[in-house]
Amino acid sequence: MPQLSARVERLNAETRAHHAEADAAFDMLFDPSTGSDEYIAFLSRTYGFELPLEAALVATPGLSELVDLDARVRSTKLAADLMALGVLPTEVAALPTCLAVTQFRGAAEALGG
């Protein structure tokens, strides 16, 4: 495995106490008792975060010259998955989205620099 940068190692160390809680949402996907309702709820929450984040990234000055944003879009795939599971398009459009995602001042900020 490639060596992690000092910045990533520091981030990992300083957030370690929160890893179990953050991973719990993913861990439940592998629990045999997890049903389609829980999976739909997981996809809905993920969509509600990804959609405003992607909008903020697209609106970031200079970022599209550094990163292929189209290749990283996940919200349309999440919406398609939800609809394949029986969620109506109007219900997907009405899902709550994360209000804490704000605009980035520039590419460096969007990339965590």
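Small disclaimer: the values here were computed from a predicted structure and weren't measured.
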key: For Ala107 against Leu66, the heavy-atom pair lying closest together   = CB-CD1, 3.7 Å
inquiry  = Show the nearest heavy-atom pair for residues Phe104 and Glu109, with the distance to one decimal.
reply    = CA-OE1, 3.1 Å
request  = With rounding to the nearest 0.5 Å, note down the distance linking CZ in Arg16 to CG in Leu11.
outcome  = 10.5 Å
request  = Without swapping roles, check the side chain of Glu38 against the backbone of Thr34 for a donor-acceptor pair under 3.5 Å.
outcome  = no
key: Separation of Leu69 CG from Leu63 CG (nearest 0.5 Å)   = 5.0 Å
query = In Å, rounded to the nearest 0.5 Å, how long is the span from CG of Asp81 to CG of Leu85?
reply = 6.5 Å
key: Listed partners of Ser75 passing side-chain hydrogen bond (donor to acceptor under 3.5 Å, both in side chains), at least two apart   = Glu54
query = For Phe49, which residues count as a ring pair (Phe, Tyr, Trp, His ring centres under 6.0 Å) partner, sequence neighbours excluded?
reply = none
ask   = Could you give the distance from CZ (Arg72) to CG (Asp68), rounded to the nearest 0.5 Å?
value = 6.5 Å
ask   = Are the side chains of Val67 and Leu111 in touch, meaning some heavy atoms are under 4.5 Å apart?
value = yes
inquiry  = Do Val73 and Leu57 sit in one hydrophobic cluster, given that two such residues count as connected whenever their side-chain heavy atoms are within less than 4.5 Å of each other, even indirectly?
reply    = no
inquiry  = When you measure from the side chain of Glu50 to the backbone of Tyr47, do you find a donor-acceptor pair of N or O atoms at a distance under 3.5 Å?
reply    = no
query = Taking Ser44 as the fixed residue, which of Leu82, Leu78, Val92 is the one that meets the side-chain contact (heavy atoms from CB on, under 4.5 Å) rule?
reply = Leu82
query = Is atom CG of Leu99 surrounded by more than 12 heavy atoms (other residues, nucleotides or ligands) closer than 6.0 Å?
reply = no
key: Where Cys98 and Pro52 come nearest, the two heavy atoms and their spacing   = O-CG, 3.6 Å
inquiry  = Please enumerate all residues that pass ring pair (Phe, Tyr, Trp, His ring centres under 6.0 Å) together with Phe30, with sequence neighbours excluded.
reply    = none
query = Linking I/L/V/M/F/W/Y whenever any side-chain heavy atoms sit under 4.5 Å apart, do Met83 and Leu88 land together?
reply = no
Leu51 CG to Thr46 OG1 distance, which is reported to the nearest 0.5 Å = 12.5 Å
task = Hey, could you give me the CG/OG1 distance between Leu53 and Thr97, rounded to the nearest 0.5 Å?
result = 11.5 Å
request  = Tell me, with the steps shown, if Val87 and Leu95 meet side chain to side chain contact (heavy atoms under 4.5 Å, CB included).
outcome  = CA-CA 11 Å; Val87 180; Leu95 287 171; 5.6 Å; no
inquiry  = For Ala59 versus Gln103, what's the shortest heavy-atom pair and its separation?
reply    = CB-OE1, 3.2 Å
